[in-house]
Amino acid sequence: MERYNFKIIEKKWQKFWEENKTYKTKVDKNKKKFYCLEMFPYPSGKIHMGHVRNYTIGDVLSRYKNLKGFNVLHPMGWDSFGMPAENAAKQNNQDPKVWTENNIKTMKTQLKQLGLSIDWDREISTCSEEYYKHQQKFFIEMFNKGLVYKKENYVNWDPVDETVLANEQVIDGKGWRSGAVVERKKLSQWFFNISKFADDLQNELEKLKEWPNKVKVMQQNWIGKSFGCEIDFKILGNPDIKSVKCFTTRPDTLFGFSFLALSVDHPLSELYKNDPKFNKFKDNCSKTGTTEESIANAEKIGFKTNLQAINPLDENKIVPVYFANFVLMDYGFGAVFGCPAHDQRDFDFAKKYKLEIKTVVKPLDQKDGYEVSLEAYTGPGTIINSDFLNNLKVPDESVIETIKILQKKKLGKKKINFRLKDWGVSRQRYWGCPIPIIYDEQGNYRTAPEESLPIKLPENINLNTKGNPLSSIEEWKKIKINGKDYYRETDTLDTFVDSSWYYLRFCSPKNLEEPFDLNDINYWMPVDQYIGGVEHAILHLLYSRFFMRAIGYQNKNFTFKEPFKGLFTQGMVCHETYKDNKNNWRSPDEIITKDGKNYFLKSDNSERIKVGPSESMSKSKKNTIDPERIIELYGADAVRFFILSDSPPEKDIQWSEQGMLASYKFIQKLFLLNDKVQNLIKLEKQNESDELSKYINQYLNKIERNLSNFQYNVIIANIHEAHAFIMKVIKEEKNFSNLINEYSKFLISVAPILPHFANECLSLLNIKDYSWPKIDEKFLIEENVSIVVQLNGKKRGIIITKKDIAEEELVKEIFKSKTFDKFLKDNTIKKKFYVKNRLINFLIEQ
RNA sequence: GCCCUCGUGGUGAAAUUGGUAGACACAAAGGACUUAAAAUCCUUGCCCUUUUGGGAGUGCCAGUUCGAGUCUGGCCGAGGGCACCA
């Protein structure tokens, strides 16, 4: 018998699918739709194992839904604007467009080698003019709706290259190319008003039943809705300053007020701009890192002003005003009222500057006279030491009541605050979608006139210039309208804008006039299953949700509001890391081991290699495995099989060459089985094997259940078991009359995972058109069940008996059986617990 | 520091959601086949027992229950998220 030659067979089927347009999207109105989308890749050069995992998971689902009779939309495209193209251009003097297009070509070939059921006729690329021209129209539409505005914002500025740097381009506070110390610089930039939808984005989250909870919690924290009030604090010490506004979620602790703290960027800082001590303090504040983690334990420092604030609930109470490093200008009003006893940061601050720490909340389990001592108390309790607020229950009653009182006295008002900031979309880069804005000579801006659209990126330009390349191309910048000179905006859009609506474009990819047909998107949207990495849990997914609200929902008659009905976030692909004795990273291809314990360098057997922990594959640690090489060695089906086998898809998976090899060998075994069946069915037909039908139907039942739960690793185990079972059945060397029928069901069941192999085997059986097999319910009914027999909760054996047996009858059978005789005969049974068809537990006297 | 998730053999993991713990696979050891190797197949897998059997056992400690990997409380550990968020 011939071995299964994946090289020939996989190519043959890929050619067949391409020529027959097998995976072209079809719409049959009698069928339901299913939109399966995986996050589209950035065309960085070659595909990596993460792509293989992501797209295999999606492909299994698409193929399954297809076989189940859905109209499936399963497209693919390229998130092709972005920095790597521009970096490559600068380093290797390549045109970003050419570089990107070459990468797309390579990666498309690689994806095809994986045997994905993608409708390539719908391919889109965000860097193409046909794509980004629509995006410019969206920008204008949003501008006209008041969802776009310009604001000053801080950026990382490289003074040598005169360019803005992304966070990842700043290494140890220095520019990645120039090595210059990065400065904080204010630039005027474009913003999308995402915070306008903050409340809706938050409220709709809970309706996303098919999203992982983890992602919803992350978005919830990001949006950060909080309920509280704004309070005006009267200020003494400067006749020009009347009051300062604060936001607080804890107005109920106002009687514990002992200082007022301002952000160093607060407007009042203007008063101190010529004070060298204040400026030194401000510098100190900027030295503390900007991440929450680095600041959490950082020392709380302050700058005492000559101002004082009056407690609105007790005018005799006057406290000092500080600038403090833990107050943010972006949130609330850049000012907080300090209540040290019930906020840890305020507590730390008060300790340092010896300010009053007055306890105003008593925990429920504490006696009278309770005082906060070692740390702030932030939990529930009752209000104390607070005059007319005393005895209110914290927090439900106290916060609401205090707000009511403040409102009555006109000292403050109820307010809901959000953490979510507006989305800065300006990028000072070449390789992105040009922003359709023009400026007159006075610097006044307006949207670019309709007839000047689309604004195309200039080609063949020199990228090795200082600053944003677009701003140095005078002829591109200039535009004349009605004889008047205007200048184009030279910022381009954040690439997250590109990916915020691409899933709509897939519904009508060929429409030249409009970004989509309303009919198409109302048919296909929302995406039924979106699959991608958890690293996009916040930004990409939140921006996409925002886009639906900004462009569509209100006035475009969309029949949906949320873009992604189901979301699945897959884990990463990991591999051990290797270092040589000079502490350089080494790639797995350079390493050899004979015993699995001691590792050496292939090129130099004497050099021992240190094996590090398994980490997600990355070029910098050299622990990557090239999918192309693996497909070449083992075939696409084997890679697909392995990448699903070892771990549940949502968890990280460990790459294992042995595991990969085992998957390859298993396919060879399946082919051997196929060969045997092929020979058997040529024999004269025998009676039916009931056992076989029963097994296959129960197996299909399990597969469907596991498919719907994304338990693909368990499906792989089910397939192994089914293979072993069928092998056992055919050992009898009989052509059971149901053999070909049941066996072909098995082949169809593996088709979503092993499409080349399954199609080849099915065509050898002359099966060309097939759909997902219907489960025959009668085989799911068991006549016999095995019931666990327990004594005092301990398993003493199993009894096989007929299904739905009555308790009395079962007990009789157990007493008849010799196995249980020794346990039961000398004991009195106090009680019995019978779980139908599962288990019986006898409680006996000890 | 705050929020979330997770702790099951040498390893990756299953467990019909409170009812046979360790399916399936990798690795290891032993065996069969072979002149030999590779490949393939079988067996084993903690403790006591020659076997039959029995016992312990799902991070640790308690609790609920006839029965807990699964539920509750506390502790320990690992991973992830975080924009100084008032």
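Letters A, B, ... mirror the listed sequences (proteins, then strands); counts begin at 1.
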Scan every strand shown for a Watson-Crick or G-U wobble partner of [N], both distances under 3.5 Å, and answer none if you come up empty.
N      : value
B/rA36 : none
B/rU64 : none
B/rC6  : B/rG77
B/rG57 : none
B/rA14 : none

Looking across every strand, which nucleic acid part, if any, lies under 4.0 Å from [X] by heavy atom: base, sugar-phosphate, or nothing?
X        : result
A/Gln711 : sugar-phosphate
A/Lys836 : nothing
A/Lys832 : nothing
A/Gln658 : sugar-phosphate
A/Val534 : nothing
A/Ser786 : base
A/Lys831 : nothing
A/Leu843 : sugar-phosphate

Hey, is the main chain of [Y] close enough, under 3.5 Å, to the side chain of [X] for a donor-acceptor pair?
X        : Y        : answer
A/Asp422 : A/Ser195 : yes
A/Gln698 : A/Phe779 : yes
A/Tyr634 : A/Leu661 : no

If the [atom1] atom of [N] is compared with that of [M], how far apart are they to the nearest Å?
N      : M      : atom1 : value
B/rU11 : B/rG59 : P     : 13 Å
B/rG45 : B/rG10 : P     : 14 Å
B/rU40 : B/rU50 : C1'   : 32 Å
B/rC6  : B/rC60 : C1'   : 16 Å
B/rU5  : B/rC61 : C1'   : 22 Å
B/rG79 : B/rA29 : P     : 31 Å
B/rC71 : B/rA32 : C1'   : 49 Å
B/rG81 : B/rG30 : C1'   : 49 Å

Taking NZ, NE, NH1 and NH2 as the nitrogens, is one of them in [X] or [Y] under 4.0 Å from a carboxylate oxygen of the other?
X        : Y        : result
A/Lys225 : A/Asp199 : yes
A/Lys216 : A/Glu206 : no
A/Lys803 : A/Glu782 : no
A/Lys836 : A/Glu807 : no

Nearest to side-chain heavy atoms of [X], which nucleotide of [options]:
X        : options                : value
A/Ser647 : B/rA56, B/rG19, B/rG12 : B/rG12
A/Val217 : B/rC26, B/rG19, B/rC4  : B/rC4
A/Arg796 : B/rG54, B/rA21, B/rU40 : B/rG54
A/Glu721 : B/rC26, B/rA86, B/rA23 : B/rA23
A/Arg838 : B/rA14, B/rU16, B/rG81 : B/rU16
A/Asn841 : B/rA14, B/rA86, B/rC66 : B/rC66
A/Asn221 : B/rC24, B/rC41, B/rC3  : B/rC3
A/Lys795 : B/rC4, B/rA86, B/rU20  : B/rU20
A/Val336 : B/rA86, B/rG12, B/rA56 : B/rA86
A/Ile798 : B/rA13, B/rU20, B/rA86 : B/rU20

Is there a side-chain contact between [X] and the phosphate of [N], meaning an N or O under 4.0 Å from OP1 or OP2?
X        : N      : result
A/Asn713 : B/rA14 : yes
A/Lys651 : B/rC6  : no
A/Lys665 : B/rA25 : no
A/Lys216 : B/rU5  : no
A/Lys794 : B/rA56 : yes

Can you tell me how the ring of A/Tyr322 sits relative to the ring of A/Phe349, calling it parallel under 30°, perpendicular over 60° and tilted otherwise? perpendicular
Mind checking whether A/Phe233 and A/Phe337 have parallel, tilted or perpendicular rings, split at 30° and 60°? tilted
To the nearest angstrom, how far is [X] atom [atom1] from [N] atom [atom2]?
X        : N      : atom1 : atom2 : result
A/Glu375 : B/rC2  : CD    : C1'   : 13 Å
A/Asn792 : B/rA68 : CG    : P     : 12 Å
A/His720 : B/rA13 : NE2   : P     : 16 Å
A/Leu374 : B/rG1  : CG    : C1'   : 17 Å
A/His266 : B/rA86 : NE2   : P     : 17 Å
A/Ile538 : B/rC3  : CD1   : C1'   : 11 Å
A/Phe349 : B/rG1  : CZ    : P     : 22 Å
A/Asn718 : B/rC24 : CG    : P     : 11 Å

Using the glycosidic torsion, which applies to B/rG55: syn (within 90° of 0) or anti (everything else)? anti
Does B/rU40 sit syn or anti, given that only angles within 90° of 0 count as syn? anti
Sequence-distant partners of A/Tyr377, ring pair (Phe, Tyr, Trp, His ring centres under 6.0 Å), two or more places apart: none
RNA chain B nearest-nucleotide lookup for A/Leu839 and A/Tyr331: closer to the 5′ end is A/Leu839
Residue met sooner reading RNA chain B from 5', once A/Gln654 and A/Phe833 are mapped to nucleotides: A/Gln654
